[in-house]
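Worksheet: one structure, shown below.
Remember, it's 1-based here, ligands and their atoms both numbered in the order they're listed.
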Amino acid sequence: NHEYRRPRLYPPGPTPLPFFGNLFSVAFKLRTGIAHHTLWRSWTQLYGNILGLRLGLINVVIVSGKDLIKEVSTREVFDGRPDGYFFMMRSFGKKLGIVFNDGASWTKTRRIVLKYLKSFGYNSRFMENYVSEECRALVRLRQSDAGEPILVNNMFNITIVNILWRLVAGKRYDLEDRKLNLLCDLIMRLFRAVDMSGGILNFMPFVRHLLPGMSGYTELKSIHNALHDFLRETIEQHQQSLDVNSPRDVIDAFLIEQMESKDQFFTDEELQVVCLDLLEAGMETVSNTAVFMLLHVVCNDDVQRRLHEEIDDVIGPLRAPTLSDRARMVYTEAVLLESLRISSVAAMGIPHMALEDARLGNYIIPKGTFILLSMFDLHNGGHWKDPETFRPERFITKEGNLIQDEWLMPFGTGKRRCIGEGLARSELFMFLTHILQKFRLKIPEGDITPSIEPNDGLSLSAKPFRVTFEVRT
Ligand code: HEM
């Protein structure tokens, strides 16, 4: 019965043209305004859960379904990251840092950065204090403009950077700091400019010379330059005030090891890319999820009412929420899980790459293939029965306990899983409880109900909408 089935070679997909591959079909389909993950889904339905595309010069495979996504995430041969031009242009054309690095250098950077983060309070009481302080600052800002319609899409950006930056750079900014707001806007623009396949600059890198404007090269380059200028300045300030006997933050710890170690690993460029990784991976994702969470709460009166009830019961109106309240706030936790599920901001994860030719299912994935994981579909497919409905109760048992559903993996799994999961979950809990303890959220009179249709990009984001924060009495 164990007949060996010879793997057919490359996974099936739409027929590629010579040289251009499927680029024209992709461009043709996307012109209707659908997001990339919707297009991949429609082809997955036609060709199967291992969809093989050729985009220009590059093989891209889209993998769907819980078991296959787990398989790709946990097999070492798929632990690579693509070295496409778009991914490399942010890191001096080299594989540096964590997010787009692989092999021994990735393992080392990931381990060292986590060690530094932990030594400055990552996932500890210290971090909780930073989160709590920032939430109180955010609540004060909303109290100062209570009752006015507020465009909420960027409202968490500086709060999130401040929390992370206390550990990384020992610094916090005023919530209305103009320079940092501009920088956050740049990151948002960068994340809107392409999808996780990396776009034309990956598939046909030479177009940057022919069509620098149209290919997006000019804009992306100027965004990266601005981000690197900011980080270089931050690192230089650390170099000038460094005291080797009392490191203040991750940057100091790195600089000290750079001075004391003979290891060639500790370069200025490495440090700059690590900071860029943390800033980009840590800001956009949490911000977009928090905004989607507000959107669903403001659009679902019943959800908002139940959140208010639970906050009033467990925390009351006076003391500040703490992370230890989570254990007794099953409904609030379920709202967080449901927000992570329905919004799935990392719609296609972060691309993996086959480090060698490898068999997956009945196919061969050639070395160097980009592999995108259909996380949005995993979280919004048939398993959930009514995936389009925002229904936190799906995560609560009849006995009132929280359900850990293995179909929900917003932070990925395996060796490459997100290093920010603990921080992201703490932030989302604290944002939600601090805000709803003090305010009732409403759509301003005259504004239409916000759309849950996301903006496409490296991560998904909500379309602009406004909320009024009415002080609860
Ligand atoms: C709601 C918020 C977040 C979501 C949904 C999210 C999701 C993800 C996903 C899906 C991956 C890729 C896993 C894989 O490759 O299979 C990832 C990787 C990563 N995330 Fe997050 N993330 C979030 C917040 C954060 C935060 C706050 C940080 C900063 C501390 C962070 C830092 C990273 C880094 C550095 C990686 C790369 C890990 C590696 O390649 O080894 N993320 N994240």
Side-chain angles (χ1 to χ4, degrees), residues 37 63 68-76 78-82 87 91 95-103 105-114 116-118 120-123 127 130-131 156-157 159-168 187 191 196 250 273-293 336-353 370-376 378-379 408-432 458-461:
H37 67 271
V63 171
L68 281 168
I69 288 179
K70 272 204 171 143
E71 183 175 344
V72 170
S73 306
T74 49
R75 279 175 60 190
E76 218 170 319
F78 298 127
D79 270 350
R81 289 287 195 216
F87 300 132
S91 52
K95 279 203 163 169
L96 297 173
I98 306 175
V99 180
F100 285 105
N101 200 352
D102 52 21
S105 146
W106 158 65
T107 322
K108 185 167 179 177
T109 321
R110 190 176 157 120
R111 183 173 45 76
I112 288 177
V113 170
L114 273 170
Y116 292 161
L117 280 168
K118 280 186 190 140
F120 293 103
Y122 194 57
N123 290 340
M127 196 180 81
Y130 299 150
V131 179
F156 296 102
N157 290 359
T159 301
I160 294 165
V161 174
N162 275 349
I163 295 165
L164 200 60
W165 236 227
R166 289 285 274 268
L167 305 175
V168 175
I187 299 178
F191 271 66
M196 266 300 174
V250 171
V273 176
V274 163
C275 292
L276 184 66
D277 277 353
L278 293 173
L279 186 63
E280 287 183 351
M283 199 275 274
E284 257 277 328
T285 43
V286 183
S287 173
N288 291 345
T289 308
V291 172
F292 273 118
M293 186 166 74
L336 298 188
L337 295 179
E338 183 66 341
S339 304
L340 285 163
R341 180 194 71 78
I342 205 163
S343 58
S344 287
V345 299
M348 303 304 293
I350 297 178
H352 286 230
M353 185 186 76
F370 292 16
I371 308 174
L372 301 183
L373 306 174
S374 297
M375 305 307 280
F376 186 91
L378 182 75
H379 296 155
L408 183 71
M409 19 176 163
F411 300 95
T413 185
K415 291 219 178 83
R416 291 225 77 129
R417 75 180 295 147
C418 177
I419 66 164
E421 173 170 356
L423 173 59
R425 287 182 190 270
S426 304
E427 287 176 329
L428 293 171
F429 175 83
M430 295 286 263
F431 292 166
L432 189 61
L458 288 173
S459 69
L460 302 182
S461 61

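Judged by the 6.0 Å and 45° rule, R111 forms no cation-pi pair with W106.
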Between the protein and ligand 1, which nitrogen or oxygen pairs come in under 3.5 Å, and how far apart is each?
{"residue": "ligand 1", "atom": "15 (O)", "partner": "R81", "partner atom": "NH1", "Å": "2.9"}
{"residue": "ligand 1", "atom": "15 (O)", "partner": "R81", "partner atom": "NH2", "Å": "2.8"}
{"residue": "ligand 1", "atom": "15 (O)", "partner": "H352", "partner atom": "NE2", "Å": "3.1"}
{"residue": "ligand 1", "atom": "16 (O)", "partner": "H352", "partner atom": "NE2", "Å": "2.8"}
{"residue": "ligand 1", "atom": "40 (O)", "partner": "R81", "partner atom": "NH2", "Å": "2.8"}
{"residue": "ligand 1", "atom": "40 (O)", "partner": "R416", "partner atom": "NE", "Å": "3.0"}
{"residue": "ligand 1", "atom": "40 (O)", "partner": "R416", "partner atom": "NH2", "Å": "2.9"}
{"residue": "ligand 1", "atom": "41 (O)", "partner": "W106", "partner atom": "NE1", "Å": "2.8"}
{"residue": "ligand 1", "atom": "41 (O)", "partner": "R110", "partner atom": "NH1", "Å": "2.7"}

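Rounding to the nearest 0.5 Å places CZ of R416 at 9.0 Å from CD1 of I98. In this structure, L460 CG and F191 CZ are separated by 11.5 Å, a value rounded to the nearest 0.5 Å. Note that the CG atom of L337 and the NE2 atom of H379 stand 10.5 Å from one another [nearest 0.5 Å].
Relative orientation of the F100 and F87 rings is parallel, given thresholds of 30° and 60° on the angle between their planes. Ring pair F376/H37 is tilted by interplanar angle, where 30° to 60° counts as tilted.
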